[in-house]
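Each remark here refers to the structure printed beneath this line.
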Amino acid sequence: EQMKQRIEDYSQLINLGTGNPYNGETVFVKQCGKCHTLFDQGGEIGPNLTSYKRDDLGSMLLNIVNPSIEIRKGFENYTVLTESGRIVTGFIADQDNQVVVVRGVDGQNVVVPRADIDEMVVNRKSVMPDGLLDKLSNEQIRHLFAFLRVTQPLP
């Protein structure tokens, strides 16, 4: 219930004013761009947002306010325990019969031989932190969503 209220509050805040997408791009790069790509810039730790339905404000807010509610396929976070006692956490970037390649949140790939894997567990919590919007001012939130909703890269 509290989550529904927060989404409603953010939704009203965003719809009450107009943000500047250029300022929003700056907020995006700082807050989201380490992990997410939009158009041609950003990181690859989280899903690429370019093809995401960015005109659906409710859905976007739900996924930002509660990042663990729906973890997109391929972006599940795993913890891999090895026979030698190593713990590797991240996304499965690649795998075959011999190895599993785990990409950490630092973007680095770790190759783990299958023979060395003791246990592999999927984490139900997103690596995207909760409360990302809490740190932003009302203006920054409006700017960010103005940028998130543009349909073309900014000139």
Side-chain angles (χ1 to χ4, degrees), residues 1-7 10-11 14 21-22 24-136 140-141 143-155:
E1 195 48 51
Q2 188 187 0
M3 184 176 28
K4 275 178 77 167
Q5 188 56 55
R6 285 178 62 202
I7 290 169
Y10 282 129
S11 190
I14 292 159
Y22 288 94
E25 186 175 25
T26 309
V27 178
F28 178 87
V29 168
K30 223 171 116 184
Q31 296 292 329
C32 323
K34 286 188 201 80
C35 297
H36 290 286
T37 296
L38 183 51
F39 303 121
D40 51 2
Q41 61 173 352
E44 293 180 4
I45 290 165
N48 185 322
L49 301 179
T50 311
S51 61
Y52 195 74
K53 268 192 74 204
R54 290 176 289 107
D55 55 350
D56 183 346
L57 183 60
S59 174
M60 269 200 306
L61 280 169
L62 178 63
N63 283 284
I64 294 170
V65 171
N66 185 356
S68 298
I69 200 148
E70 170 194 38
I71 299 176
R72 289 190 41 198
K73 192 153 176 47
F75 291 93
E76 301 93 344
N77 192 29
Y78 284 85
T79 299
V80 179
L81 308 167
T82 68
E83 297 284 353
S84 54
R86 245 173 106 207
I87 298 173
V88 184
T89 307
F91 307 100
I92 306 302
D94 201 4
Q95 58 182 319
D96 60 23
N97 295 335
Q98 308 299 308
V99 298
V100 174
V101 181
V102 181
R103 178 175 299 137
V105 289
D106 57 2
Q108 300 300 307
N109 287 343
V110 178
V111 179
V112 185
R114 278 201 185 271
D116 191 30
I117 294 177
D118 182 30
E119 201 179 348
M120 208 163 117
V121 187
V122 67
N123 302 318
R124 296 275 163 233
K125 186 135 177 61
S126 172
V127 296
M128 181 168 151
D130 295 332
L132 279 177
L133 296 177
D134 302 346
K135 301 182 204 135
L136 301 176
Q140 286 175 312
I141 291 171
H143 294 326
L144 174 62
F145 279 88
F147 177 64
L148 285 173
R149 291 155 110 181
V150 297
T151 55
Q152 300 290 318
L154 298 177

Open item on the list: Surrounding CD of Q41 (heavy atoms of other residues, nucleotides or ligands, distance under 6.0 Å), is the total greater than 12?
Closed with: yes
If only atom types and distance count, is the side chain of [X] paired as donor or acceptor with the main-chain N or O of [Y] below 3.5 Å?
| X | Y | answer |
| --- | --- | --- |
| Q5 | M3 | no |
| D106 | Q108 | yes |
| R54 | V150 | yes |
| K135 | G131 | no |
| S68 | S126 | yes |

So, do [X] and [Y] sit near enough that their side-chain heavy atoms are less than 4.5 Å apart?
| X | Y | value |
| --- | --- | --- |
| L148 | M60 | yes |
| N123 | Y78 | no |
| H143 | I141 | no |
| L144 | L133 | yes |
| I45 | F91 | yes |
| V27 | F145 | no |

Open item on the list: Let's go through D134 and L136 carefully: what are the C-alpha distance in whole Å and the side-chain angles of both, what is the deciding distance for side chain to side chain contact (heavy atoms under 4.5 Å, CB included) to 0.1 Å, and is it a yes or a no?
Closed with: CA-CA 6 Å; D134 302 346; L136 301 176; over 6 Å; no
Open item on the list: Restricting to non-hydrogen atoms, name the atom on T37 and the atom on G43 that form the minimum distance, rounded to 0.1 Å.
Closed with: OG1-O, 2.8 Å
TODO: Provide the closest heavy-atom pair for P129 versus L132 in the form atom of the first, atom of the second, distance.
DONE: O-CG, 3.6 Å
- [ ] Assess whether side chain to side chain contact (heavy atoms under 4.5 Å, CB included) is satisfied between D55 and R149, documenting all intermediate values.
- [x] CA-CA 6 Å; D55 55 350; R149 291 155 110 181; 5.9 Å; no
To the nearest 0.5 Å, what is the distance between [atom1] on [X] and [atom2] on [Y]?
| X | Y | atom1 | atom2 | value |
| --- | --- | --- | --- | --- |
| N48 | D40 | CG | CG | 10.0 Å |
| I69 | S59 | CD1 | OG | 10.0 Å |
| N109 | D94 | CG | CG | 8.5 Å |
| L62 | R6 | CG | CZ | 11.5 Å |
| K4 | N66 | NZ | CG | 14.0 Å |
| R114 | N97 | CZ | CG | 7.0 Å |

- [ ] Check the pair Q140, Q31 against side chain to side chain donor-acceptor pair (under 3.5 Å), reporting the backbone distance first and the verdict last.
- [x] CA-CA 11 Å; Q140 286 175 312; Q31 296 292 329; over 6 Å; no
Open item on the list: By the ring-ring contact (aromatic ring centres under 6.0 Å, His included) test, which pairs, at least two apart or in different chains, include something from residues 30-68?
Closed with: none
Open item on the list: Please evaluate residues I64 and M128 with respect to the criterion side chain to side chain contact (heavy atoms under 4.5 Å, CB included), reporting the C-alpha separation (whole Å), side-chain torsions for both, the decisive distance (0.1 Å), and the verdict.
Closed with: CA-CA 8 Å; I64 294 170; M128 181 168 151; 4.2 Å; yes
Open item on the list: Between K125 and D130, does any side-chain N to carboxylate O distance fall below 4.0 Å?
Closed with: yes
Open item on the list: Checking F28 now: which residues fulfil ring pair (Phe, Tyr, Trp, His ring centres under 6.0 Å) with it, not counting sequence neighbours?
Closed with: F147
- [ ] Run the numbers on D118 and R86 for salt bridge (charged side-chain N to carboxylate O under 4.0 Å, His left out), then give the verdict.
- [x] CA-CA 10 Å; D118 182 30; R86 245 173 106 207; over 6 Å; no
Open item on the list: Whether the T89 and N77 side chains hold a donor-acceptor pair (N or O, under 3.5 Å, no angle test) is what I'd like checked.
Closed with: no
- [ ] With side chain to side chain contact (heavy atoms under 4.5 Å, CB included) as the test, would you mind laying out the steps for Q95 and V101 before giving the verdict?
- [x] CA-CA 6 Å; Q95 58 182 319; V101 181; over 6 Å; no
Task: Qualifying residues under side chain to side chain contact (heavy atoms under 4.5 Å, CB included), relative to I117, sequence neighbours excluded - done: V80, V100, V112, M120
